[in-house]
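Numbers for residues simply follow the sequence, beginning at 1. FYI, side chains are in, hydrogens and waters are out, and symmetry mates aren't considered; it's all heavy atoms of this structure. No experiment lies behind these values; they were computed from the predicted model shown.
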Amino acid sequence: MSLSISIVATALAVLAYCCTAGHPGTVAASDTVSAQRPLRGDDTVVSAKAKFELGLFSPGSSGRFYLGIWYKNVPGKTVIWVGNRENPLSSVASAELRVSTNDGNLELVGLSQSSASLGVVWSSNLSSSTVSSPTPGSNVAVLRDNGNLVLFGAGNSSSNSNNVLWQSFDHPTDTLAPDAWIGENKITGEYQTLRSWRNSEDPAPGMFTDTVDHNGSSEFFYLWNGSRAYWRSGVWTGRTFANIPQAAGQNVIFNQTYVETPAYRRLTHVLYDNATIERLVLDFTGQTNQYLWLAGSQRWQLIWSAPTVPCDVYALCGAFGICNQRRQPPCQCPPGFAPAAERDWGLSDWSGGCHRSAPLRCGGNASTDGFLEIPDTKLPDDSFAVSSAQNRAECELACLENCSCQAYAFSGSGGCAVWHDGFHNLEQLYAGDDGDDPSPSSLYLRLSESELQHLRGRGAKGKKYRLWLVLGIVLACLAALGASALVARMLLSIRRRRLEEKMAKQNGSSLQVYSYGELRAATKNFSERLGGGGFGTVYCGVENGHTQVAVKKLEGLRQGDKQFRTEVYTLGLIQHVNLIRLLGFCSSGDAKMLVYEYMPNGSLYSYLFSSSSSSPCPSWHDRYGIMLGIARGLAYLHEGCRECIIHCDIKPENILLDKDLCPKIADFGMAKLLGRDFSRVLTTIRGTIGYLAPEWISELPISAKADVYSFGMVVFELISGRRNTEGGHDVDCTEAEDAAQRPSTFFPVWASARVAEGDTAAVADPRLHGNVSEGELERACRVACWCIQDQEAHRPTMAQVLQALEGVVDVYAPPVPQILQHLASLT
């Protein structure tokens with residue numbers, strides 16, 4: 001009898017499974033989690049096209065386990081979403097992700113770090129009003145190919161979005177993946193924000209948040225501790241955010257957009273090519289970093305960051321910490337202090353700050369504490385003023401008499417400032433740092449008498465040791481020189497040869513060497529700013545009382561020094577009418593500056609895309625002349641110099657115009673020099689997204705054809721008078737019919753199709769009203785299409801481009817590049 005009951009029970013179970021498996025909402029698939037198909041232990045589910053994976057992971061050596069989503073085919077579990085970030089599991093042995101049969105929630109059950117018994121450590125937290133199905137246990141969770149984990153109501157297929165009960169895209173963690181969003185749900189009042197991990201081994205919410213303006217504007221803010229804004233995107237202009245460069249907002253890889261409806265306001269971005277892997281992460285250091293996956297080298301390439309300077313992140317180093325831009329890691333503790341959490345500092349989590357090595361001795365009749373000067377600092381902005389102090393001695397006394405006072409500063413203009421109970425945002429500055437910051441001052445840090453004596457003793461021992469070391473080295477050198485006349489002759493020979501090489505370089509170059517004081521006087525203390533870029537700021541100056549010059553003040557220790565050397569070496573020995581002329585340079589300590597000829601008409605970018613209504617529409621004659629000039633300059637760089645010079649960053653911002661609109665190629669800080677015995681060079685990705693050739697993105701060796709591709713993109717902008725990646729002109733046009741000719745997609749997609757059809761007139765700037773040379777327009781359009789071919793072998797050389805634009809050779813109709821054809825199929 002018991003055997004019969006067992007057989008019947010088994011049959012009923014099989015029948016129930018088959019019925020359930022046939023239900024359209026609960027199909028047992030590799031991308032699905034349900035009540036009948038939970039996810040247990042180390043098991044994972046994979047999206048339909050194997051792009052993303054869902055399961056449990058343990059970051060680093062933490063021993064804690066979290067529910068996460070990561071890229072399936074990227075090594076190392078690059079996680080884009082975490083479920084139980086505040087309540088980790090202690091093991092995976094008993095863990096289970098399932099759909100609850102009671103309320104239909106997606107829930108993670110297991111042993112948490114804080115409990116010895118099984119329990120729900122994370123849930124989708126559906127409200128009772130959300131679950132309207134009489135069988136909530138039939139809900140199904142599906143991992144989609146964009147990385148979105150979606151919980152569908154019972155009886156609905158995964159393709160039906162009308163009954164989405166919950167989705168991970170509504171609850172982002174620290175990463176914004178393509179198709180995901182951050183913003184505000186106006187109906188529920190909930191905000192979708194990015195919240196940094198605490199450190200590389202702890203995905204718990206950190207100190208930094210990226211959120212849309214709670215007052216209703218389109219601006220996004222980066223917040224420290226949920227309150228202090230330290231970076232803002234600027235408002236949405238219709239194409240990008242005011243404070244975000246075009247390359248980070250819209251480009252050939254993806255399209256970023258802000259949308260506001262009665263139901264929501266949100267930021268999202270969509271990839272043009274679904275094969276591309278890209279992500280935007282709010283790092284635990286407070287910076288937002290945008291990465292592109294390079295399959296060739298199997299690594300993530302950083303393509304954009306904000307704020308660009310780590311020390312611009314508020315309170316990055318915590319209480320009492322000092323941020324030093326020239327150190328790695330940037331955070332350090334001042335003398336007399338130590339990290340409050342040593343292990344966290346090793347994981348780049350400096351939020352705990354520093355604590356005193358010895359307590360202060362305050363109280364009684366008099367304090368025995370003293371002060372240590374920390375010179376050249378950008379002072380914290382959370383100070384209190386002491387109006388009664390008239391000099392530094394009175395300011396010091398005011399601090400010493402208050403047991404909560406930790407530091408003070410005094411200046412003739414700012415008076416006395418004191419800090420109680422600690423301070424945040426102290427930054428070490430150096431001579432030659434950007435003048436946009438307040439002038440460096442000295443902070444006087446309060447220390448105990450014992451700590452001050454310890455520091456003085458250590459300083460005295462250090463000086464004594466260094467003195468003996470110097471004496472030892474000097475004696476050893478003298479002994480070596482006295483013992484060997486041959487060494488002396490070799491040293492003299494080397495010195496003589498170096499002097500000769502230096503003199504040869506000076507005779508071959510007309511560059512003038514300036515002092516820091518000369519350029520500071522010429523620019524009126526760097527007061528008239530002309531513009532700026534990734535490596536520095538350009539100021540207007542006057543040399544010899546009448547000659548205008550442009551002075552670029554380089555910023556950043558490593559990048560600025562590299563650009564300085566590249567520009568001096570590249571431009572110092574070559575001259576061409578279509579290359580910016582380098583007049584001289586200054587290298588004084590950490591201050592590095594370059595002096596160029598002055599270009600009164602600014603950049604091609606401002607000339608073409610000026611938003612001023614008074615700016616005239618550039619004529620076709622001028623545009624075609626600019627094309628020819630750029631082509632001549634590039635042809636000279638590629639073929640007219642002793643070594644082939646690849647510019648690597650051709651774009652309108654790097655083309656300057658003199659008083660006669662003669663174009664000059666500028667900004668050689670990214671240039672590569674290629675010997676004539678070599679045809680290509682392997683280098684890291686560089687340049688500006690939107691002008692980069694496909695071989696850059698694939699991280700293949702590049703040749704001069706990379707500049708040809710960028711030139712083709714610039715020619716399209718000259719022809720159309722619009723940015724390739726924007727939805728319209730930056731200037732007003734009154735004709736209604738013009739608006740219909742401005743495609744909202746990536747412009748070369750649309751333009752290449754028109755050129756292939758022979759309709760080149762449609763590509764021309766409508767503001768020209770047809771006042772173009774038809775022959776020149778057709779040549780320019782065809783040249784641009786040939787320049788942006790996918791394969792560099794199919795692109796012409798710049799010498800051939802120049803011949804084509806000059807009408808020396810005929811240009812045949814080009815094919816539409818396959819990549820652009822693919823982009824067109826996606827739009």
Donor-acceptor pair, distance only, cut-off 3.5 Å: does the side chain of [X] make one with the backbone of [Y]?
{"X": "Asn578", "Y": "Ile630", "result": "no"}
{"X": "Ser720", "Y": "Asp765", "result": "no"}
{"X": "Gln789", "Y": "Cys785", "result": "yes"}
{"X": "Asn146", "Y": "Pro178", "result": "no"}
{"X": "Lys51", "Y": "Lys72", "result": "no"}
{"X": "Ser305", "Y": "Thr308", "result": "no"}
{"X": "Asp658", "Y": "Asp660", "result": "yes"}
{"X": "Lys552", "Y": "Thr537", "result": "no"}
{"X": "Asp210", "Y": "Leu282", "result": "no"}
{"X": "Ser606", "Y": "Gly602", "result": "no"}

Stepwise side chain to side chain contact (heavy atoms under 4.5 Å, CB included) check, Phe220 with Leu267: CA-CA 9 Å; Phe220 282 77; Leu267 165 70; 3.6 Å; yes
Worked verdict on Arg581 versus Glu597 for salt bridge (Lys or Arg N to Asp or Glu O under 4.0 Å): CA-CA 6 Å; Arg581 186 183 175 193; Glu597 58 180 324; over 6 Å; no
Nearest heavy-atom neighbours spanning [X] and [Y]:
{"X": "Val783", "Y": "Phe711", "result": "CG1-CE2, 4.5 Å"}
{"X": "Ala704", "Y": "Ile646", "result": "N-CD1, 3.8 Å"}
{"X": "Arg723", "Y": "Pro652", "result": "NH1-CG, 3.7 Å"}
{"X": "Ala780", "Y": "Leu805", "result": "CA-CD2, 4.1 Å"}
{"X": "Ser603", "Y": "Glu653", "result": "CB-O, 3.9 Å"}
{"X": "Thr268", "Y": "Ala180", "result": "OG1-O, 2.5 Å"}

State, without any angle test, whether [X] and [Y] hold a side-chain donor-acceptor pair at a distance under 3.5 Å.
{"X": "Ser773", "Y": "Tyr624", "result": "no"}
{"X": "Asn148", "Y": "Ser168", "result": "yes"}
{"X": "Gln575", "Y": "Tyr636", "result": "no"}
{"X": "Ser710", "Y": "Asp707", "result": "no"}
{"X": "Glu278", "Y": "Trp293", "result": "no"}

[X] [atom1] to [Y] [atom2] distance, which is reported to the nearest 0.5 Å:
{"X": "Asp170", "Y": "Trp181", "atom1": "CG", "atom2": "CH2", "answer": "5.5 Å"}
{"X": "Leu608", "Y": "Arg623", "atom1": "CG", "atom2": "CZ", "answer": "6.0 Å"}
{"X": "His647", "Y": "Asp667", "atom1": "NE2", "atom2": "CG", "answer": "6.0 Å"}
{"X": "Leu661", "Y": "Tyr607", "atom1": "CG", "atom2": "OH", "answer": "4.5 Å"}
{"X": "Leu176", "Y": "Thr193", "atom1": "CG", "atom2": "OG1", "answer": "11.5 Å"}
{"X": "Glu639", "Y": "Leu802", "atom1": "CD", "atom2": "CG", "answer": "10.0 Å"}

Worked verdict on Ile719 versus Met627 for side chain to side chain contact (heavy atoms under 4.5 Å, CB included): CA-CA 10 Å; Ile719 294 171; Met627 291 180 209; 3.8 Å; yes
Do the non-hydrogen side-chain atoms of [X] and [Y] ever get within less than 4.5 Å of each other?
{"X": "Leu634", "Y": "Ile665", "result": "yes"}
{"X": "Asn185", "Y": "Gln192", "result": "yes"}
{"X": "Thr175", "Y": "Thr78", "result": "no"}
{"X": "Asn243", "Y": "Arg232", "result": "yes"}
{"X": "Ile655", "Y": "Pro663", "result": "yes"}
{"X": "Ser233", "Y": "Tyr222", "result": "no"}
{"X": "Ile580", "Y": "Met599", "result": "yes"}
{"X": "Met713", "Y": "Ile788", "result": "yes"}

Check ion pair Arg632-Glu806 (N to O, under 4.0 angstrom):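 A salt bridge is present here (some side-chain N lies under 4.0 Å from a carboxylate O).
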Centroid-centroid under 6.0 Å between Trp231 and Phe221 rings: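 So the answer is no for these two rings.
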Identified side chain to side chain contact (heavy atoms under 4.5 Å, CB included) counterpart of Trp300 within the set Leu294, Val281, Asn289, Val74: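 For Trp300, the side chain to side chain contact (heavy atoms under 4.5 Å, CB included) test succeeds with only one of Leu294, Val281, Asn289, Val74, which is Val74.
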Check against side chain to side chain contact (heavy atoms under 4.5 Å, CB included), Thr797 and Lys705: CA-CA 7 Å; Thr797 65; Lys705 295 293 184 70; 4.0 Å; yes
Aromatic plane relationship, Tyr258 with Trp236 - under 30° parallel, 30 to 60° tilted, over 60° perpendicular: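 It falls in the tilted class, 30° to 60°.
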Parallel, tilted or perpendicular: rings of Tyr71 and Phe52 (30°, 60°):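 Phe52 vs Tyr71 ring planes: tilted.
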Test log, rule salt bridge (Lys or Arg N to Asp or Glu O under 4.0 Å), inputs Glu219 and Arg265: CA-CA 11 Å; Glu219 192 167 18; Arg265 53 193 181 108; over 6 Å; no
Axial cation check for Trp786 ring with Arg782, 6.0 Å and 45° limits: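 No cation-pi geometry.
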Within 45° cone of Tyr291 ring axis and under 6.0 Å: Arg279 NZ or CZ: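 Yes, Arg279 lies over the aromatic ring of Tyr291.
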CD/Glu774: more than 12 non-hydrogen atoms of other groups inside 6.0 Å: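 Open: at most 12 neighbouring heavy atoms sit under 6.0 Å from CD of Glu774.
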Atom CZ of Arg754: over 12 foreign heavy atoms under 6.0 Å: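 Result for CZ/Arg754: enclosed.
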From CA spacing to verdict: side chain to side chain contact (heavy atoms under 4.5 Å, CB included), Tyr596, Val551: CA-CA 6 Å; Tyr596 305 93; Val551 179; over 6 Å; no
Audit row: Glu260, Lys186, salt bridge (Lys or Arg N to Asp or Glu O under 4.0 Å) steps and yes/no: CA-CA 10 Å; Glu260 182 163 1; Lys186 294 182 179 179; 2.8 Å; yes
